[in-house]
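Computed over heavy atoms, backbone and side chain alike; hydrogens, waters and symmetry mates excluded. A note on names: the letters A, B, ... follow the listed sequences, proteins ahead of strands, and every chain is numbered from 1.
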Number of protein chains: 2
Amino acid sequence: MRAEDRRELVLAEATRIFGSYGYVGATTHQVAEAAGVSQPYIVKMFGTKENLFLEVLGRALDCLMTAFRAEVADETSTQPLGARLGLAYVNLVSQTGMLLSLMHGFVLGADPCIGPVARAGFMTVYRFLREEGGFSPEESHAFLADGMLMNTMIGLRMTDDYGTDASVDELLTTTFPNKLELIRSKADPAPSGGATSPAAGAPADGTPDTA
Amino acid sequence: MRAEDRRELVLAEATRIFGSYGYVGATTHQVAEAAGVSQPYIVKMFGTKENLFLEVLGRALDCLMTAFRAEVADETSTQPLGARLGLAYVNLVSQTGMLLSLMHGFVLGADPCIGPVARAGFMTVYRFLREEGGFSPEESHAFLADGMLMNTMIGLRMTDDYGTDASVDELLTTTFPNKLELIRSKADPAPSGGATSPAAGAPADGTPDTA
DNA sequence: GTGCTTAGTTATCAACCGATCACTTAATGG
DNA sequence: CCATTAAGTGATCGGTTGATAACTAAGCAC
């Protein structure tokens with residue numbers, strides 16, 4: 001396979017793995033297995049695990065900004081931009097792991113290499129909202145806060161508990177007003193081995209991943 | 001030292017360490033060193049690293065709920081409850097690591113042991129807002145979203161960049177309307193070594209194979 | 001068919017991490 | 001004085017993990 005194609009495949013799988021297990025928790029071996037190559041080849045391609053993660057973060061941010069800019073450019077819609085951007089954000093959940101990888105980057109601010117990149121990435125989004133989106137500081141704040149709560153719900157796998165508790169349903173419904181079904185169907189089907197301890201893998205109740 | 005006192009000390013240090021490095025990234029050795037005991041003693045006290053983290057999460061949630069309930073019970077204030085709870089939340093930053101440890105728990109939803117606990121903890125806060133705080137679903141949503149953005153700013157160590165960029169200052173000012181100074185003064189003074197790889201410094205030249 | 005590049009592998013290492021076990025030290029109580 | 005218990009350590013081990021080095025196989029120009 002062409003190296004460049006292989007690289008894209010690896011990055012896609014790495015995004016999924018990092019999203020599920022976090023930067024520290026994910027292993028280059030897991031990525032290698034998912035991409036169908038040997039573990040040393042992953043290291044050879046990216047130099048270090050850290051570089052791989054940074055590239056995953058960069059890709060995720062690029063993808064996010066591309067989706068946002070498409071909404072700004074779209075002049076056919078009558079919806080307010082805020083709602084359209086929110087919808088675009090939620091739709092990114094279908095790219096499994098992307099938002100979660102970003103989220104994992106957001107808690108690594110203390111890391112001397114990842115921290116600055118994560119901060120810069122977040123500020124890229126903020127400046128986009130202010131400068132290209134025409135949002136006020138308060139509107140930007142509210143938009144980002146909403147997004148962070150969505151991320152938290154996804155990171156918590158709160159959708160796994162949907163239907164088991166009225167409060168959970170209420171919270172999820174207000175967090176994802178229109179797209180709850182999408183979230184539930186596209187949510188990670190629970191990593192096989194568990195995030196840290198390789199315990200049992202009972203398939204839980206049947207949530208067919210048919211989108 | 002009395003075992004119970006030692007235990008409290010260990011839990012306090014563990015909260016700091018887990019907040020800085022995350023669940024996977026933190027090591028029992030780091031906690032032991034910070035608490036001034038040997039690493040095997042940490043394991044002996046809590047059985048497993050996982051149990052230690054779960055106890056840290058439980059303590060953090062207890063502390064949060066105690067602070068919130070104190071605000072609800074306080075009838076001397078004329079401020080609206082939402083603002084008071086928000087202020088109480090920000091004040092918790094002074095207990096370094098507490099909010100960050102919670103945040104790290106919130107991205108471990110996929111973990112078969114930690115996930116359920118983290119979800120239950122989040123829902124405890126939600127139910128408190130709805131039932132004891134008298135918040136509507138929408139008010140609760142907005143409050144939690146605000147909190148998650150604050151957590152993200154803290155996790156990103158965005159305050160490290162305060163003063164270097166007008167956008168950063170604007171974002172931080174709208175996120176922490178009154179308490180920015182507190183946040184900045186109480187923020188973790190940046191962990192000594194690298195946050196994840198103790199090999200920080202010289203090597204890691206990470207040149208990805210100039211094939 | 002030889003030499004060169006591209007795309008990969010196998011084998012292995014040094015370091016680390018959580019956990020276990022045996023041992024020790026200090027106080028307490030009769 | 002001695003037994004018991006509480007508090008805690010040193011040594012060490014098995015399993016991982018990221019990274020390195022050496023090797024290989026396919027394609028291809030000439």
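Rounding to whole angstrom units, CD1 of residue I42(A) and P of dT10(C) are separated by 14 Å. Here dT16(D) presents its P atom at 14 Å from OH of Y21(A), a figure rounded to the nearest Å. Taking atom CZ of residue F46(A) and atom P of nucleotide dT17(D), one finds them 19 Å apart after rounding to whole Å. As rounded to whole Å, 10 Å separates atom P of dA7(C) from atom CD of E4(A). In this structure, the CE atom of M45(A) is 14 Å from the P atom of dA19(D), given to the nearest Å. Spacing between atom CZ of R7(A) and atom C1' of dA7(C) amounts to 14 Å, rounded to whole angstrom units. Between H29(B) atom NE2 and dA19(C) atom P the separation is 15 Å, expressed in whole Å. Protein atom CG of L52(B) is 12 Å distant from nucleotide atom C1' of dG18(C), rounded to whole Å.
In terms of position along DNA chain D, the nucleotide closest to M1(B) lies nearer the 5' end than the nucleotide closest to the other residue of the pair M1(B) and P40(B).
The shortest distance between the side-chain N/O atoms of Y41(A) and the OP1/OP2 oxygens of dG8(C) is below 4.0 Å. For dC17(C), the OP1/OP2 oxygens have no side-chain nitrogen or oxygen of T28(B) closer than 4.0 Å. OP1 and OP2 of dA7(C) both lie 4.0 Å or more from every side-chain N or O belonging to R6(A).
Checking dG18(D), dA19(C), dT9(C) against the side-chain heavy atoms of V43(B) singles out dA19(C) as nearest. Of all nucleotides listed (dG8(C), dG18(D), dA22(C)), dA22(C) comes nearest to the side chain of K44(B). Candidate nucleotides dA19(D), dT9(C), dA7(D) were compared by shortest atom distance to the side chain of V37(A), and dT9(C) ranks first. Taking every side-chain heavy atom of K49(A) into account, dG18(D) is the closest of dA19(C), dG18(D), dA7(D).
At a threshold of 4.5 Å between non-hydrogen side-chain atoms, the residues L108(B) and H104(B) do not count as touching.
Among the protein residues, A32(B) comes within range of no part of the nucleic acid, since none of its heavy atoms lies under 4.0 Å from any strand. Across all strands shown, S38(A) has heavy atoms under 4.0 Å from base atoms, whether or not it also approaches the sugar-phosphate.
R84(B) places a side-chain N or O within donor-acceptor distance of the main-chain N or O of D74(B), the cut-off being under 3.5 Å. The backbone N or O of I17(B) lies less than 3.5 Å from no partner atom in the side chain of S20(B), so there is not a single donor-acceptor pair.
Cation-pi geometry between K49(B) and F18(B) is not satisfied (NZ or CZ under 6.0 Å from the ring centre, within 45° of the ring normal).
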Practice problem: Show your reasoning for whether salt bridge (charged side-chain N to carboxylate O under 4.0 Å, His left out) applies to D165(A) and R119(B). | Solution: CA-CA 12 Å; D165(A) 181 292; R119(B) 284 190 287 276; over 6 Å; no
